[in-house]
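Following: one structure in structure tokens, then a few remarks.
Residues: numbered from 1 along the sequence shown.
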Amino acid sequence: MPELITPTARLHTSWLEARAEWAPGAHQDGAGLWLAPDADLADPGAFADWVTLLRAQSDHSKPVPDGRVHATQWWIVEGDTYLGAIDLRHELNDFLLRAGGHIGYSVRPSARRRGLATWALGAVLPEARALGLSRTLLTCEDTNIASARTIERNGGVLEDVRETEIGVKRRYWIEL
């Protein structure tokens, strides 16, 4: 049975196995890799430092880098197996309103087609409501039919499809 957990250095080996499934340099939405662009995450110390940064993103007493917003990060796991990540951005800046949305998620390739993203998104929506959001914006690549279905299964209503600085995005709103 999958669960959402706070990122932990304990899953380093499983996270590395998952990372090996992705093409080099592939974007993993919701994973927070932007926090450690030059870190050797194969190194246990660097990985633990990155996990600390992931966990600190939700702390409103700490500043976030320019162009970023506070976010809460969870990992999708089964037992000690890392399956993916999902994050909830606490507000929208201009970029997130145009292209990124409130919630980002990714599932490792070997764990896809099991409904994990749909389940994880459904589990995070009450967290968004608890933050005081009345609706959430989710986006996906226009060609990513699986992600579009994930959003639609959770009540997403398509607002538009638009060209953004990171490609053509489908933009959905989910009322909370």
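- In this structure, D160 places its CG atom where more than 12 heavy-atom neighbours from other residues, nucleotides or ligands lie under 6.0 Å away.
- The salt bridge (Lys or Arg N to Asp or Glu O under 4.0 Å) analysis of residues 6-19, with sequence neighbours excluded, yields the pairs R10-D80.
- Two rings, from H102 and H90, have their centers 6.0 Å or more apart.
- A search for ring-ring contact (aromatic ring centres under 6.0 Å, His included) contacts involving W50 returns W15, F47, not counting sequence neighbours.
- To the nearest 0.5 angstrom, Y105 atom OH is 13.5 Å from L88 atom CG.
- Pairs passing the salt bridge (Lys or Arg N to Asp or Glu O under 4.0 Å) check and including a residue from residues 114-132, sequence neighbours excluded, read E78-R114.
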Name each donor-acceptor pair under 3.5 Å that joins a side chain in residues 130-140 to protein atoms two or more places apart or in another chain, with its distance.
from: T139; atom 1: OG1; to: A99; atom 2: O; distance (Å): 2.7
from: T139; atom 1: OG1; to: G100; atom 2: O; distance (Å): 3.4

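- Closest of all the heavy-atom pairs between V51 and W75 is CG2-CH2, 3.9 Å.
- Rounded to the nearest 0.5 Å, atoms CG (D43) and CG (L16) are 10.0 Å apart.
- Using a 4.5 Å cut-off between side-chain heavy atoms of Ile, Leu, Val, Met, Phe, Trp and Tyr, with links allowed through other members, V69 and I86 fall into different hydrophobic clusters.
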Residue pair D87, T72: steps toward the side chain to side chain contact (heavy atoms under 4.5 Å, CB included) verdict: CA-CA 5 Å; D87 74 344; T72 303; over 6 Å; no
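- Sorted by first and then second residue, the salt bridge (Lys or Arg N to Asp or Glu O under 4.0 Å) pairs involving residues 98-108 (not counting sequence neighbours) are E21-R108, R98-E165.
- Applying the side-chain contact (heavy atoms from CB on, under 4.5 Å) test to V168 and every residue at least two apart in sequence or in another chain returns D142, V161, E163.
- Remark: the E159 side chain and the Y172 side chain contain no N/O donor-acceptor pair separated by less than 3.5 Å.
- Note that the CD atom of E141 and the NZ atom of K169 stand 3.5 Å from one another [nearest 0.5 Å].
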